[in-house]
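A short write-up of the structure that comes next.
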Amino acid sequence: MGAGASVSQDEVSALPQYHILGGDAKFAELKEDDGKVPLSKFEDPYLKYGGEYRGDVKDSKDFKYLTFDTVPKFSPAHRSLMSKVLTPELFEKLKDVKSSKGYTLSNAIMTGVVTPHLGVGATAGDEECWELFKDLYYPIIKGWHGYDAYTQKHPVDLDPSKVVFTDQQRALFGEYVSSTRIRAARNISGFSLPTGATDADRAGVEEVLKQAFAGLKGELAGTYYELGALTPEQTAFLLERGFLFQIPTSKNLLTGAGAARSWPKNRGIFHNEAQTALAWVNEEDHCRIISMELGGDIPSVFARFCALSNALKESAEANGTKLMWNETLGFLGTCPSNLGTGLRASVMVRLPEFNKLMEGGSHEDKELLETVCSAFDLQPRGSAGEHSAAVGAKFDVSNKQRLGLSEVQLVQKMIDGVAKLIKLEKILAVGGTPADIRAILAAEQQAAAASVPEAVAVAE
Ligand code: ADP
Ligand code: MG
């Protein structure tokens, strides 16, 4: 087929990523009078970065993996840590490395290449990858978490009684926070991760988890729903309340990593009766455990999270399975951003003043929320999850790090950081300017820097 050619539906549906390009619906939309579509309008956007479809044993009807022979053609739009870390030398060193389950360097970088806006841009396909491709992952981990995986060890602390939530913080959260959610990734040893999984892996993982869910007791007891068996109304209901994972689009990590193959088969959601303890199956990780409720009572949500984490671990172990974990990287999973605790503690927080700046300010003002969040090691997201918009000035703000700090430390950092963020929102609301906010931040950072020697002394 030449570039100027028109193609029939049969021809175009044979293109490797046909469904990602819009599938039958896109074909119908572009169809011309002769019943064909100019190929130029249906060009595979994945091919412009230099990879080729060579056939990969993991290929499925709805997704084909790319193979790269050299460093991909990164563009200025590529902002991921992977795109910065992957030098030609590193590429050469790792390009023929393959895990025993068949995951390659090309597989590991694919989503970061074809989804340029991602921040991390690399994935692991199984447990072994974390060792085999560490020269790619460790610098990414350093950039994201500030953790040196070559030398450090990861701490664990799931004791909710250690979290401090002052009356003043409780009052601030009560005023600005509409809901709280704490989740973490958990993966089952022995199965490929969703990015590298076969149908049998996904079915096996689902079976192990269903048994573990069946073992949950008391407040945590509940029901597992297969994604494919949910009606569109049930799906909409769960999505609206933030209970369900996002359905994969060409924008998120899952699609380009091959983790959305055979969707929705063997995906599902578990929740207890009160819908405050949930678990997702075979989304980005084998399992995401979630504790959530309305309001801003962080200690309550964290206590339930710890109970769910322990119960799932015990239940899985009672069935003879083990979670992926090692002392350098903590809980292992698909994305370098979710190692260690794998924990993301988020609040839906109303920030109308920051939102106004984002919508109408100068470039610097638009970035103010990002700047403030990053100064406190927080990460802002939109109201419907990663890479979504902030509807009604509501933002999902969470800890950014997951690794090198314990669960207790991360929840504490989220509480302290969000409390400061709300105070800054209040300053803007009474006429404070973005310049005032930047000055306050600079003063905070100076004070923090001045107290570092003391902190280090205590830590040692
Ligand atoms: P994660 O990767 O942590 O699972 P996502 O960004 O993919 O998070 O979002 C998953 C879903 O959880 C989205 O629907 C999002 O709106 C919802 N969500 C996140 N934080 C909260 C919160 N504090 N309260 C209610 N819903 C939330
Ligand atoms: Mg997600």
Side-chain angles (χ1 to χ4, degrees), residues 49-51 66-99 103-155 185 187 193 195-196 253 256-257 259 284-285 324-344 370 373-375 377-379 386 399-405 409-410 413:
Y49 305 109
L66 284 169
T67 298
F68 297 90
D69 291 326
T70 55
V71 175
K73 293 182 206 153
F74 292 121
S75 70
H78 283 93
R79 44 181 293 262
S80 67
L81 288 164
M82 179 278 291
S83 67
K84 310 285 182 289
V85 167
L86 191 64
T87 59
E89 295 72 40
L90 184 58
F91 188 94
E92 271 311 302
K93 182 175 171 189
L94 297 178
K95 83 175 183 359
D96 298 319
V97 175
K98 198 179 202 174
S99 75
Y103 207 71
T104 64
L105 177 67
S106 290
N107 295 160
I109 63 173
M110 179 164 169
T111 196
V113 174
V114 302
T115 327
H117 67 270
L118 294 177
V120 172
T123 54
D126 55 58
E127 206 167 353
E128 196 188 354
C129 290
W130 290 107
E131 180 61 30
L132 293 177
F133 299 107
K134 69 177 172 197
D135 291 337
L136 171 69
Y137 299 138
Y138 284 12
I140 294 176
I141 288 169
K142 179 87 181 144
W144 187 265
H145 304 273
Y147 177 86
D148 183 357
Y150 287 107
T151 59
Q152 285 181 265
K153 293 276 175 275
H154 172 74
N187 291 281
L193 292 160
T195 45
L253 169 155
E284 188 179 314
D285 287 290
M324 291 187 191
W325 190 88
N326 73 37
E327 59 176 17
T328 300
L329 299 178
F331 287 105
L332 302 171
T334 299
C335 180
S337 70
N338 277 322
L339 297 165
T341 60
L343 178 141
R344 194 168 84 85
E370 273 294 334
C373 284
S374 116
D377 292 326
L378 298 174
Q379 184 192 33
E386 209 165 3
N399 59 299
K400 179 177 177 200
Q401 300 146 300
R402 321 252 189 272
L403 176 61
L405 296 167
Q409 287 171 312
L410 289 174
K413 278 190 85 165

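Any value given below was found using the heavy atoms of this structure, including those in side chains, with hydrogens, waters and symmetry copies removed.
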Counting C-beta onward and ignoring hydrogens, is there a side-chain heavy-atom pair between [X] and [Y] closer than 4.5 Å?
| X | Y | value |
| --- | --- | --- |
| Gln409 | Pro155 | yes |
| Thr123 | Leu193 | no |
| Leu136 | Val85 | yes |
| Thr115 | His117 | yes |
| Trp144 | Asn338 | no |
| Val113 | Phe74 | yes |
| Leu86 | Ile109 | yes |
| Leu343 | Phe331 | no |

How long is the span from the [atom1] atom in [X] to the [atom2] atom in [Y], to the nearest 0.5 Å?
| X | Y | atom1 | atom2 | value |
| --- | --- | --- | --- | --- |
| Tyr150 | Asp135 | OH | CG | 3.5 Å |
| Trp130 | Met324 | CH2 | CE | 10.5 Å |
| Leu94 | Glu92 | CG | CD | 10.0 Å |
| Thr328 | Glu131 | OG1 | CD | 8.5 Å |
| Gln152 | Glu327 | CD | CD | 13.0 Å |
| Lys153 | Asp148 | NZ | CG | 10.5 Å |

From CA spacing to verdict: side-chain contact (heavy atoms from CB on, under 4.5 Å), Ile141, Leu329: CA-CA 10 Å; Ile141 288 169; Leu329 299 178; 3.9 Å; yes
Least distance between heavy atoms, [X] atom then [Y] atom:
| X | Y | answer |
| --- | --- | --- |
| Met110 | Leu66 | SD-N, 3.2 Å |
| Tyr49 | Pro116 | OH-CG, 3.6 Å |
| Leu253 | Cys335 | CD1-SG, 4.2 Å |
| Cys129 | Gly125 | SG-N, 3.5 Å |
| His78 | Ser83 | O-OG, 3.8 Å |
| Ala122 | Ile140 | CB-CD1, 3.8 Å |

Test item: [X] side-chain N/O and [Y] main-chain N/O as donor-acceptor pair under 3.5 Å:
| X | Y | result |
| --- | --- | --- |
| Thr195 | Ala124 | yes |
| Ser99 | Glu128 | no |
| His145 | Pro336 | yes |
| Asp285 | Asn187 | no |

Contacts of type side-chain contact (heavy atoms from CB on, under 4.5 Å), residue Thr87, not counting sequence neighbours: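 Only Glu89, Leu90 meet the side-chain contact (heavy atoms from CB on, under 4.5 Å) criterion with Thr87.
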Lys413 atom NZ, over 12 foreign heavy atoms within 6.0 Å: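 Buried by this count: over 12 neighbours within 6.0 Å.
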For Tyr147, the option from His154, Arg402, Gln401, Lys142 that meets side chain to side chain contact (heavy atoms under 4.5 Å, CB included):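 Exactly one candidate clears the test, His154.
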Derivation and outcome, side-chain contact (heavy atoms from CB on, under 4.5 Å), residues Thr104 and Val97: CA-CA 6 Å; Thr104 64; Val97 175; over 6 Å; no
